[in-house]
There are 2 protein chains.
Amino acid sequence: MQLVRDSIERYVKLTDVEWAEVAACWQRHTFPKGSLVSEAGRVESRTYIVEEGVQRIYVEHDGNEHCLGFAYGNSWSGDYDSFIGQRPGRFQVQAITDSVLLGIDHADLQRLYDRIPAMDRWGRLILEEVMQGRATREIELLTLSAEERYRRLLKRSPHLLQLVSQKDIASYLRMTPETFSRLRARVR
Amino acid sequence: MQLVRDSIERYVKLTDVEWAEVAACWQRHTFPKGSLVSEAGRVESRTYIVEEGVQRIYVEHDGNEHCLGFAYGNSWSGDYDSFIGQRPGRFQVQAITDSVLLGIDHADLQRLYDRIPAMDRWGRLILEEVMQGRATREIELLTLSAEERYRRLLKRSPHLLQLVSQKDIASYLRMTPETFSRLRARVR
DNA sequence: GCGGGCACTTGATATGGATCAAGAAGCGAT
DNA sequence: ATCGCTTCTTGATCCATATCAAGTGCCCGC
């Protein structure tokens, strides 16, 4: 659970007693490649931190899948939207590789929020950071052409190309696999 | 400042003493129609709750404006992205009508967070709610055609058509004013 | 109350990226 | 190793929406 401790202590300080209480709430879960971490229509009972593996988050609509993002390397995973509101999820989260996630139950997290004020602050700061990432992505989708979005990804996250299939990246960049393939051939 | 009190007490309870401290941090600001609440490139020192008026938030890129949303009636206003990170803003926020906003300074808010634990919780809950709205919008932009986005707006927020120009709504719905105009003629 | 400039409409044309199609290459399961 | 899937590529064609263009009306400032 060292990962969880690091993630929390980046933002707030906990006493050892508090930390023990927090640690007791987290559990390790494994998801084989291809399995669903979160399923549309189901209320997500947990939120996760990625210990190992890669997952993708996407929406299904008319038989098409639209990829919203990927989770890996200490980032958050799971359908946070469903988790927060405790209502049936609209997203799916799928393990792209065998994955090990550290998860906490919604009820347990609420209890921690109630018992340890610093956890509220942690939650706030995490969300502030997430919001900033969203803003950046929103701006890019809004203002950039397909080719510019591809170039931007190449520059900012070239490692993604190693982790995920091109079709998923294409979807994440809001284009078809064909367009993505042509860009790869054409750009650089 | 009743608006502020309501907004906070929807989420957490404060003692009268705490409330007095919070209230002292908020100030009323007026923005004449057309003026900028937040300006790209500037660090936003305040965040606002709308007491009166309508504002639009948008990005400029290559001389084009892309509208991300509107603020009115007790909702949040100002460049929250710049405010949170205290870095130069990428958005602009403009008063569409004469506006009265209740604002709090970044330093003051941090002080409240430090002195009143309930405020951290309030911040967290606010952000959780904002995130859910964003998720909904993201899904709609992802999965719906221009016509479907228009129909969805008609159903969910018909009042917007009274508050804002068609060209801003068109931009918000990710289409040109021409496309929007044609949809209006064609749909229903 | 006049004039200039937006906002909106409507039509013609252009285009970025999607869709359809077919083949090649990689890979997991048996 | 072989079969069957899925991914990736490449080409041809299509289409939703943008762009360009011109005209109308109306609102706001002087």
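Numbered from 1 within each chain, the chains take letters A, B, ... in sequence-line order.
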Next on the checklist: I want to confirm an ordering. Mapping B:Arg184 and A:Ala146 to their closest nucleotides on DNA chain C, which one lands closer to the 5' end?
Outcome noted: B:Arg184

Checklist entry - Between atom CZ in B:Arg174 and atom P in C:dG16, what is the gap in whole Å? => result 20 Å

Checklist outcome for this item: note: A:Glu148, atom CD; C:dG17, atom P; distance rounded to Å ~ 9 Å

Checklist entry - Would you call B:Glu128-B:Arg124 a salt bridge at under 4.0 Å N-O? => result yes

Next on the checklist: How many whole angstroms separate atom CD of B:Glu178 from atom C1' of C:dT9?
Outcome noted: 9 Å

Checklist outcome for this item: Per atom distances to the A:Ser165 side chain, the nearest of C:dT19, D:dC8, C:dG17 is D:dC8

Checklist outcome for this item: To the nearest angstrom, the CD-P distance between B:Gln166 and D:dG25 comes to 16 Å

Next on the checklist: Can you see if the side chain of A:Thr179 gets near the phosphate of C:dG17 - specifically, an N or O under 4.0 Å from OP1 or OP2?
Outcome noted: no

Checklist outcome for this item: Ranking D:dC28, C:dT9, D:dT7 by distance to the side chain of B:Lys33, first place goes to D:dC28

Checklist entry - If you check the A:Thr176 side chain, which of C:dA18, D:dT19, D:dC8 turns out closest? => result C:dA18

Checklist entry - Any ion pair linking A:Glu178 and A:Arg182 (charged N to carboxylate O, less than 4.0 Å)? => result no

Checklist outcome for this item: From the candidates C:dT10, D:dT10, C:dT9, the one with an atom nearest any side-chain atom of A:Arg182 is D:dT10

Checklist outcome for this item: When rounded to whole Å, the CG to C1' distance for the pair B:Asp168 and C:dC8 reads 13 Å

Item to check | Length of the CD-C1' vector between A:Gln94 and D:dT6, whole Å | outcome: 14 Å

Item to check | Aromatic plane relationship, B:Tyr150 with B:Phe180 - under 30° parallel, 30 to 60° tilted, over 60° perpendicular | outcome: perpendicular

Item to check | Greater than 12 external heavy atoms within 6.0 Å of A:Arg111's CZ | outcome: yes

Checklist outcome for this item: Of D:dC8, D:dT17, C:dC8, the nucleotide closest to the side chain of B:Lys167 is C:dC8

Item to check | Nucleotide C:dT9, atom P - distance to CE of B:Met175 in whole Å | outcome: 13 Å

Next on the checklist: Whole angstroms only, please: what is the CG-P distance between B:Leu144 and D:dA16?
Outcome noted: 16 Å

Next on the checklist: Below 30° counts as parallel, above 60° as perpendicular, anything between as tilted: where do the rings of B:Trp122 and B:Trp76 land?
Outcome noted: tilted

